Amino acid sequence: MSRVSVKEVAHAAGVSVGTVSNVLNRPEIVRAETRFRVQAEMARLGFVRNESARQLRQGHSRTLAYVFLDATNPFFTDVARGAEAAAEEAGLALFLCNSNGDPAREDRYLDLLHQQRVLGILITALDYANPQLRTLPQQGTPVVLVDHPADIASAWCSVAVDDTLGGEVAVAHLLEQGHERIAFAGGPFSLPQITDRLEGARLAMAAAGRPEDDLVVLETDDPTVATGRHAAQRLIGLPRRRRPTAIFCANDVMALGALQQLLLAGVSVPSEVAIVGYDDIDFAGAAAVPLTSVRQPRDKLGRTATELLIAETTDNGHEHQGVSFVPELMVRDSTRGKARRHRLSSPAS
Amino acid sequence: MKVTVQLVARRANVSVGTVSNVLNRPQIVAPETRERVLRVIDELGFVRNESARHLRTGAGSIIGLVILDLSNPFFTDLARGVEERASEAGYSVIVCNSDEDAAKEDAYMRVLEQRGVQGMLIVPVAPGNPGVERLRARGTAVVRVTHRTTQDECGVGADDLLGGELAMGHLLGLGHERVAYITSASHVWPTDERREGALTAARKDGKGDDVLHDISVDHLNVAHGRDAAERLLGTRPRPTAVICANDLVALGVLQVMIRYGVRVPDDMAIVGFDDIEFASAAAIPLTSVRLPRRLMGRTATDLLLAEASGDPDHVHRRIVLQPELVVRQSTIG
């Protein structure tokens, strides 16, 4: 019989893994009622403490790091949580480093992590051609690229979601809904995640026989709530006759920004402008108009990347692999036909 | 007295090489021996000197930040404030997620200490962690970002009593007489202070404590907010308003109200805490008690840098930041 894990105890008691750990290590900080429930489940399931978790507690500084682009985007924090779970199972600590889309900061982190001799680095990078990044593996710090398409000649492992397919699925859905002119909003175009999604959008237009300029590209500096708002403002500013009736945003936080701006301007979603986002973060379904979005398995991306990294640090005969996941379209009200009209009750009314 | 590898080896009755193996390649040491050595390391308070192992560590330019929940935008906003201020001062920030787990918090504190960081900011799982005192005794500057004062130390927090009072005062002013409070089942969050503040507002309004009806959840997140909302709807007599201990819970409650066709705010008014960016973008924009998260992060970093500077005239400061009620459609329609 397999060992009962902390996770199973947590699930049975309806609490988080952290709470179970607190019951084991610092019971005084857990409310009595919760503590008793967790202890009862431990007894019932025959739980025995696990050693690798103990190793982490002992503070051996065997550490991995994840360098990513934007801590305020739930996509990255969800990937980080998946990475953390896999690291913890292996008794490793995980350092989180937010480059905040700043190349100088990214370089500083890479330098620092190399000096610190971390076991390995997971990275969603700003510039994959950066020599500082490319030379890390030769210098003894293995690197796994997260959210980067597989590269056959590559000197590293990578995990990604097929973003071209994701873009294709999103725009094919809008075309099926009867939209003819469609906007794509996103940037910077130096990020392959963004250009792959745009490429997918173009493929879907071509497959439907639409002329190329029916896809209106709104390039932005970065994919944030603020640039999403700005892209929607530009869309509203287009002459009505030429205005796209749908907008595909390169990620959900942009889509949420676009949604805010459209509602504020009294534009009805989806009847006047439909919106598709990307990532399917938790907030997408809870938005003013629940967002249709291309779901990425974020937790799995983080987990798989970490497992590849650990394999690389422990296996001498390691061969690099690129793992690709298939995205899934989640259809919600922001694209659903001429359904209910969602208007923000404006302060004036 | 400095605890050396030699001393650990003697006490554990093993060779220096074995201690080194426990530290560097624990997997090759027999479990019993490993346990014995680790126990001695703990008892003696041995800290490996990482910098001695590297010629150039650069760790002096790192600030460690240990947060409770990476998925909560409250903490990522706080981290931005820390990063902004740290970057201005020439430091890099490494974030570690304790996930509300005291053992993980301790582990990250040790890992960061071993790496010789300049200082640590910790949003603590519990007050009075002896690990913090040990860190300070061994020379690492620590500032706790928390509402609780337990001792003479630098710290920054928010006035949660006032926050609770603002939320409840607003609802009472709108005529609500029965208010639910969705709170945390653990002591990790400042939920008791917010509750106390809410009761203060009730008493000022001439009401008894029974105006507030507690519903507790194990975690302050969207999913548990949905569960709490189901229980709220089953409560008789049903409250006409709910204060949620954070915005994630409030968003979960809002989803359930919309699903069941309960009109917000006519049949159920909702107030959250934090005012995260998604609060204003919700299906019905949320009224929320705003906490100045970025400023908290910046202020905590200032305090840490002052403390880490080693100034002999350093005087500990505690800074309490003021919350602000942001009123939107979830309470005033």
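Computed over heavy atoms, backbone and side chain alike; hydrogens, waters and symmetry mates excluded. Keep in mind the model is a prediction, meaning the values are calculated, not measured.
At a 4.5 Å heavy-atom cutoff, A:N73 makes no contact with chain B through either its backbone or its side chain. Both the backbone and the side chain of A:F95 come within less than 4.5 Å of a heavy atom in chain B. With a 4.5 Å cut-off on non-hydrogen atoms, B:N129 touches chain A through its backbone and its side chain both. Looking at A:Y66, neither its backbone nor its side chain comes within 4.5 Å of chain B, counting heavy atoms on both sides. For B:L251, the part sitting under 4.5 Å from any heavy atom of chain A is the side chain, from C-beta outward, and nothing else. Only the side chain of A:V225 comes within contact range of chain B, judged by heavy atoms closer than 4.5 Å. Using a 4.5 Å cut-off between heavy atoms, A:T34 contacts chain B through its side chain alone, with no backbone atom that close. Contact annotation for A:R35: neither backbone nor side-chain heavy atoms come within less than 4.5 Å of a heavy atom of chain B.
Side-chain atoms of A:F68 and A:C97, non-hydrogen and from C-beta on, never get closer than 4.5 Å to each other.
At a cut-off of 3.5 Å, with distance as the only test, no side-chain donor of B:E83 or A:N100 sits close to an acceptor on the other residue. At a cut-off of 3.5 Å, with distance as the only test, no side-chain donor of B:H224 or B:D227 sits close to an acceptor on the other residue.
Taking chain A as the reference chain and counting heavy-atom pairs below 4.5 Å, the highest number among B:I258, B:L112, B:T76, B:D101 is found for B:D101.
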